[in-house]
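Sequence lines set the chain letters: A, B, ... in the order given, protein chains first and strands last, and positions in each chain run from 1. Just so it is clear, the structure is predicted and the values come from calculations on it, not from any experiment.
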There are 2 protein chains.
Amino acid sequence: MNDGLKILQDHLALKVDIKQIDFQKFSNYTVTKHFNKGEYFLRQGQAARYLAFLFKGVMCSYAIDNKGEKHVIQIAVEGHWISDLFSFLTREPANYYIEAMESTEVLLLSQENFDRACVEFPVFERYFRLLIQSAFINLQRRITHIYKDSAKDRYLRLIAEKPEIVHSVPQHYLASFLGIKPQSLSRIRSEIARSGR
Amino acid sequence: MNDGLKILQDHLALKVDIKQIDFQKFSNYTVTKHFNKGEYFLRQGQAARYLAFLFKGVMCSYAIDNKGEKHVIQIAVEGHWISDLFSFLTREPANYYIEAMESTEVLLLSQENFDRACVEFPVFERYFRLLIQSAFINLQRRITHIYKDSAKDRYLRLIAEKPEIVHSVPQHYLASFLGIKPQSLSRIRSEIARSGR
DNA sequence: CTGCTTAATTAACATAAGTGAATGCGCGGC
DNA sequence: GCCGCGCATTCACTTATGTTAATTAAGCAG
């Protein structure tokens, strides 16, 4: 069993009881893939045929609107799943790009295998439900923070929670994730540097 | 079968194939409840013991922060589920209040019955996974809109999508949901009235 | 290593939303 | 039906972030 599967198994074990034998079978549904920095796992307009479980590296998902503005909506690090769920589920064209921010390793799970796994291993469907629930709860929290915290606070929180991304994700991606312009993030950073946090 | 169950059955049927007989059994897990305007389905600090399926009326969920500020995170109308998912799943104290904005009818599903339903009717667990997925996708969209649209645009979109709430939800709740102050919403509304949308 | 392209920083100015305060209206309780 | 309190509105002023633009720094291809 490779590294990625070990890490995935640990993540599954955090949420559900999965039998070794089931995980063994399930693991046959996944394939390992590598992305170099700057490579795309998904492009806006394509159908998202895979879910990716990230076990090394960092990926960002973002939309580009009709003014050419980038809107980063997720920064995924080790142990996160990433895809365009809407597209993955409906087979409609994706709304998001998903780009590797550094050399990145993932396990891929195709739509077909995802569906199979849900049917064959109820415990997997449960895992996935719990996973989405957590993701949903986190998004609700994120909205609350957007509303009640200043951009400076959100930046400080972000780098406290995911310190590893500071060195791998360009600042204008972070700014976009925070919902501000790169110039504003620059201003915030210089203010932090000057007067302390 | 009462009105609420009919509406719920229709909603289930939109996402999954559920046999009449299974729905019949499942429906025994729910109870109907009425809330008057201003009554609480849940309070911050309590454990959320139920999911509510709203088949008539309007409810809002919101957190109150340590400055006493209200942060509305969901406005639920007919056909929506509402609860504090985090609390419902973990049995930790809830982060949100959930208040009826007008006379409201719901079906309640307790934690125990929810768990039972997931085990007994895999199709229910599937329905619920799909439901949360949609909710997740909608939240992602909401964040994108917060970032790229002005408060005025978000207000116009809100009343276009849920026109019924304009008359039942007080303006300062709508403002909070949009992430702005009541005074700002007032300003925006008067601007719309003056110069057209 | 060099040079080109893109990213980050800084600054001056513009704008949207927040703040605090005064006014008046309306709904609910009696 | 009347009263009072909370809600909505308006206004003057403040503040955070956006915008535009110029400058410097950093990454990458050749």
Side-chain angles (χ1 to χ4, degrees), chain A residues 36-39 58 60 62 64-65 67-72 75 97 99-103 143-159 165-195 197, chain B residues 35-39 58 60 62 64-65 67-72 99-103 143 145-159 165-195 197:
Chain A
N36 288 316
K37 176 173 181 171
E39 282 186 331
V58 180
C60 287
Y62 52 85
I64 295 185
D65 68 22
K67 297 188 202 94
E69 296 270 334
K70 204 173 275 186
H71 300 279
V72 175
I75 300 175
Y97 291 87
E99 180 189 347
M101 307 314 297
E102 58 180 46
S103 177
I143 289 180
T144 312
H145 283 132
I146 292 172
Y147 283 173
K148 77 177 185 206
D149 297 343
S150 66
K152 180 178 173 184
D153 290 346
R154 281 180 279 136
Y155 174 68
L156 289 171
R157 172 188 303 272
L158 177 64
I159 61 176
I165 66 178
V166 176
H167 299 295
S168 47
V169 180
Q171 230 137 86
H172 64 283
Y173 279 57
L174 297 182
S176 168
F177 181 76
L178 294 170
I180 58 178
K181 300 288 156 180
Q183 297 92 318
S184 298
L185 182 54
S186 241
R187 173 162 45 202
I188 286 166
R189 281 165 49 80
S190 77
E191 191 197 324
I192 290 168
R194 221 175 315 114
S195 60
R197 46 230 55 205
Chain B
F35 291 93
N36 288 317
K37 175 171 178 172
E39 283 187 331
V58 181
C60 286
Y62 53 85
I64 294 186
D65 67 22
K67 295 187 202 97
E69 296 270 335
K70 205 173 275 186
H71 300 279
V72 176
E99 181 190 346
M101 307 315 297
E102 58 181 45
S103 177
I143 289 180
H145 283 132
I146 292 171
Y147 283 173
K148 78 178 183 206
D149 297 343
S150 67
K152 179 178 173 183
D153 290 346
R154 280 179 280 136
Y155 174 68
L156 290 170
R157 171 188 304 273
L158 177 65
I159 61 177
I165 64 178
V166 176
H167 300 294
S168 48
V169 180
Q171 228 136 89
H172 64 285
Y173 280 56
L174 297 183
S176 169
F177 182 76
L178 294 170
I180 58 178
K181 300 289 155 183
Q183 295 95 315
S184 298
L185 181 53
S186 241
R187 173 162 44 203
I188 286 166
R189 280 164 50 80
S190 77
E191 191 197 325
I192 290 169
R194 219 176 316 114
S195 60
R197 44 235 54 205

With a non-hydrogen cut-off below 4.0 angstrom, is Gly38(A) in contact with a base, only sugar-phosphate, or nothing?
nothing
Find the distance Asn36(B):CG to dC27(C):P and express it as a whole number of Å.
19 Å
Given atom CG of Asp149(B) and atom C1' of dA16(C), what is their separation to the nearest angstrom?
14 Å
How many Å lie between CG on Leu185(A) and C1' on dT9(C), as a whole number?
11 Å
In terms of heavy-atom contacts, Glu102(A) and Ser168(A) come closest through OE1-CB, 2.8 Å
Heavy-atom nearest pair, His71(B) first then Ser176(B), reads CA-OG, 3.3 Å
Whole-Å distance separating the CD atom of Gln183(A) from the P atom of dT23(D):
16 Å
If you compare all heavy atoms of Tyr147(B) against all heavy atoms of Ile146(A), which two are closest, and at what distance to 0.1 Å?
OH-CD1, 3.5 Å
Is the shortest side-chain N to carboxylate O distance from Lys152(A) to Glu191(A) below 4.0 Å?
yes
Kindly state which residues belonging to residues 169-177 of chain B come within less than 4.0 angstrom of DNA chain C, counting heavy atoms of the residue only, listed by number.
none
Do we see a donor-acceptor contact under 3.5 Å between the side chains of Tyr173(B) and Glu99(B)?
yes
When you match Ser184(B) and Lys37(B) each to their closest nucleotide on DNA chain C, which lands nearer the 5' end?
Ser184(B)
At 4.0 Å (heavy atoms only), tell me whether Arg187(B) reaches a base, stays on the sugar-phosphate, or touches nothing.
base
In terms of side-chain heavy atoms of Arg189(B), which of dT9(D), dT19(D), dA8(C) is nearest?
dT9(D)
If you apply the rule side-chain contact (heavy atoms from CB on, under 4.5 Å), what do you find for Ser186(A) with Arg189(A), and how did you get there?
CA-CA 5 Å; Ser186(A) 241; Arg189(A) 281 165 49 80; 5.6 Å; no
Between Arg194(B) (CZ) and dT9(D) (P), how many Å, whole number?
12 Å
Could you work out which one of dT9(C), dT17(D), dG18(C) sits closest to the side chain of Ala151(A)?
dT17(D)
With side-chain contact (heavy atoms from CB on, under 4.5 Å) as the criterion, how do Ile188(A) and Ile180(A) come out once you've worked through the C-alpha distance, each side chain's angles and the decisive distance to 0.1 Å?
CA-CA 10 Å; Ile188(A) 286 166; Ile180(A) 58 178; 3.8 Å; yes
Given atom OH of Tyr155(B) and atom P of dA17(C), what is their separation to the nearest angstrom?
14 Å
Please report, rounded to the nearest Å, how far the P atom of dA16(C) is from the CD1 atom of Ile188(B).
10 Å
With respect to the phosphate group of dA16(C), does any side-chain polar atom (N or O) of Lys152(B) fall under 4.0 Å of OP1 or OP2?
no
What is the distance from CD1 of Ile180(A) to C1' of dA8(C), rounded to the nearest Å?
13 Å
